Amino acid sequence: MTGKVIIDLKQLSFAWPGQAKPALSIDAFRLNAGERLFVYGPSGCGKSTLLSLLAGVVVPQQGVVEIAGQRIEKLSAAKRDHFRADHIGLVFQQFNLLPYLNVLDNVTLACDFSHQRVTNLKQAQVSALDEAKRLLSRLLLPESLWTKSVMNLSIGQQQRVAVARALIGAPDLIIADEPTSALDRESRDQFLQLLMAETEQSGSSLVFVSHDDSLKSHFDRHLHLPTLNQAVSTVEPSAVEGANP
């Protein structure tokens, strides 16, 4: 751990249009560089809302959302898009792969929209194509599929492509939204081990959201969102397990 703060939330409150009660209310929360956080809780507790705020898809009505030293709630929508492309790798529930591109092109696409990721790869002295191949190999996707359309892949294989796209260029933060929901237990555990290994190698922090609290053992820290999602003066110790004192 470097001590660098990747996520810093303060006095955060967000309500969706037409709702009087906030969908999310967090007094304070921090995540440091390299930490791997598991966020869990039942449906409707604000997990997807939290991810949308961290990614800059929406901004809070009140409070601070600081990612890698940048207060993203202060940025325009266009600047949030640029910041997200440079600093955040997203793994969506539905993967959001482009059906008209092959596997390799879907992975390297992340670099086409991010000068920072390209710079990171140049510093590592590797091309985007070579890094895409390395990630796909590490994630156990057969080379025979790399030039195929993603539409020819199974759900589990598409998942690996989505993760490789998020990881390429070593963004500061990886956000994964229920990415293992369609996997059996053996495939799920194998996938999590690979994801942990790759985020550790890149130095990326990880926020992994699920309703399945049996996955907690894979992570450095655990955040039970219903406990933290309260307007309280301090973060309750039970809300964030595994946190450094």
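Not measured: the values here are computed from a predicted model.
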Using a 4.5 Å cut-off on heavy atoms from C-beta on, say whether the side chain of [Y] contacts that of [X].
X	Y	answer
Phe38	Leu215	yes
Asn152	Leu145	no
Leu140	Phe191	no
Leu24	Leu225	yes
Asp172	Gln116	no
Leu97	Arg165	yes
Leu31	Arg221	yes
Lys133	Leu104	yes

Check: [X] side chain, [Y] main-chain N or O, donor-acceptor pair, under 3.5 Å:
X	Y	value
Glu35	Asp220	no
Ser114	Cys111	no
Ser149	Pro99	yes
Gln158	Val150	yes
Arg80	Gly56	yes

Distance, nearest 0.5 Å, that separates [atom1] of [X] from [atom2] of [Y]:
X	Y	atom1	atom2	answer
Gln123	Asn120	CD	CG	6.0 Å
Lys79	Arg84	NZ	CZ	15.0 Å
Phe208	His222	CZ	NE2	12.0 Å
Ile6	Ile88	CD1	CD1	10.0 Å
Arg30	Glu66	CZ	CD	8.0 Å
Leu12	Lys10	CG	NZ	12.0 Å

* Check the pair Ser214, Arg188 against side chain to side chain contact (heavy atoms under 4.5 Å, CB included), reporting the backbone distance first and the verdict last. => CA-CA 11 Å; Ser214 70; Arg188 180 199 70 187; 3.7 Å; yes
Taking all heavy atoms of [X] and all of [Y], pick out the closest pair and write down the distance.
X	Y	answer
Leu90	Ala55	CD2-CB, 4.1 Å
Asp177	Ser48	OD2-OG, 4.1 Å
Ser13	Pro60	O-CB, 3.5 Å
Ile168	Ala110	CG2-CB, 3.8 Å
Val107	Ala132	CG1-CB, 3.6 Å
Asp86	Arg117	O-CG, 4.1 Å

Would you kindly confirm whether [X] and [Y] end up in one hydrophobic cluster when ILVMFWY residues are joined by side chain heavy atoms under 4.5 Å apart?
X	Y	value
Val126	Leu136	yes
Val161	Trp146	yes
Phe113	Phe95	no
Phe29	Val65	yes
Val59	Leu50	no

* salt bridge (charged side-chain N to carboxylate O under 4.0 Å, His left out): which pairs involve residues 190-208, sequence neighbours left out? ->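 Applying salt bridge (charged side-chain N to carboxylate O under 4.0 Å, His left out) to every pair that reaches into residues 190-208, excluding sequence neighbours, yields Arg134-Glu198, Arg138-Glu198.
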* Check whether more than 12 heavy atoms from other residues, nucleotides or ligands sit under 6.0 Å from atom CD of Glu143, and answer yes or no. => no
* More than 12 foreign heavy atoms under 6.0 Å from NE2 of His82: is that the case here? ->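 No, the 6.0 Å shell around NE2 holds no more than 12 heavy atoms from other groups.
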* In sequence, state the C-alpha distance, the side-chain angles, and the governing distance for Glu178 and Lys47, and then conclude on side chain to side chain contact (heavy atoms under 4.5 Å, CB included). => CA-CA 10 Å; Glu178 300 268 15; Lys47 298 189 301 293; 4.0 Å; yes
* Evaluate side chain to side chain contact (heavy atoms under 4.5 Å, CB included) for Ile7 paired with Ser205, printing each intermediate quantity in order. => CA-CA 9 Å; Ile7 297 175; Ser205 301; over 6 Å; no
* Reference residue Pro171; test side-chain contact (heavy atoms from CB on, under 4.5 Å); the match among Ile175, Leu167, Ile174 ->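 Between Pro171 and the candidates, side-chain contact (heavy atoms from CB on, under 4.5 Å) is satisfied uniquely by Ile174.
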* To do: May I ask you to check whether His211 and Tyr40 place their ring centers less than 6.0 Å from one another?
  => no
* Can you check side chain to side chain contact (heavy atoms under 4.5 Å, CB included) on Glu73 and Val64, steps first, answer last? -> CA-CA 7 Å; Glu73 89 282 357; Val64 172; 4.2 Å; yes
* To do: Establish, from distance only, whether the side-chain atoms of Gln193 and Asp189 form a donor-acceptor pair under 3.5 Å.
  => no
* To do: Establish, from distance only, whether the side-chain atoms of Asp212 and Ser210 form a donor-acceptor pair under 3.5 Å.
  =>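 Distance-only check fails for Asp212 and Ser210.
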